[in-house]
Amino acid sequence: FPSHDMVVGEWGSIFWSEDSGETWKFCEDLQTLATFFDVQSLENGQVFVAVGDIGRIAKSIDGGKTWKLLDYNNYGSVFVSLAVLSKLSI
């Protein structure tokens, strides 16, 4: 994905747009009941992190093409937003 936008939502859904939101394409089904509330880009658009309810954190290291759920083991947590303060190693 060269320059693009990402949105996240219910049931682990992730969508991306290459045309400033004119059209959206389904990116990946993470097979989770979690609703993601925020997604942020790290490292010039190659690394993305999404956060949501039931303690879910997802990460992409290939510009959003593929995603992996991270095993946080705190299913009672709800992550509503994500702040990128500096280069992170997740």
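Side chains included, hydrogens not; waters and symmetry mates left out as well; all remaining heavy atoms used. Position 1 is the first residue of the sequence; numbering continues from there.
What you find for Ala58 and Phe36 is that their closest heavy atoms are CB-CZ, 3.8 Å. The shortest heavy-atom contact between Ala34 and Asp53 is CA-OD1, 3.1 Å. Considering all non-hydrogen atoms of both residues, Cys27 and Gly64 come closest at SG-O, 2.6 Å. Counting all heavy atoms, side chain and backbone alike, Trp16 lies closest to Phe26 at NE1-O, 4.2 Å.
Using a 4.5 Å heavy-atom threshold, the side chains of Val51 and Arg56 count as separate. A 4.5 Å side-chain heavy-atom check between Lys59 and Phe48 finds every atom pair outside the cut-off. The shortest side-chain heavy-atom distance between Trp11 and Leu33 falls under the 4.5 Å cut-off. In this structure, the side chains of Asp38 and Val8 stay at 4.5 Å or more apart for every pair of heavy atoms.
Of the candidates Val39, Asp62, Ile61, Val49, Trp67 forms a side-chain contact (heavy atoms from CB on, under 4.5 Å) with just one, namely Val39.
Distance check, rounded to the nearest 0.5 Å: CE of Met6 to OG of Ser41 gives 8.5 Å. The CD1 atom of Ile14 lies 15.0 Å from the NZ atom of Lys65; values are rounded to the nearest 0.5 Å.
Residues that satisfy the side-chain hydrogen bond (donor to acceptor under 3.5 Å, both in side chains) test with Ser20, not counting sequence neighbours, are absent from this structure. Scanning for ring pair (Phe, Tyr, Trp, His ring centres under 6.0 Å) contacts around Phe37 gives an empty result, with sequence neighbours left out. Applying the side-chain contact (heavy atoms from CB on, under 4.5 Å) rule to Trp24 yields the partners Asp5, Val7, Phe15, Ser17; only residues at least two apart in sequence or on another chain are considered.
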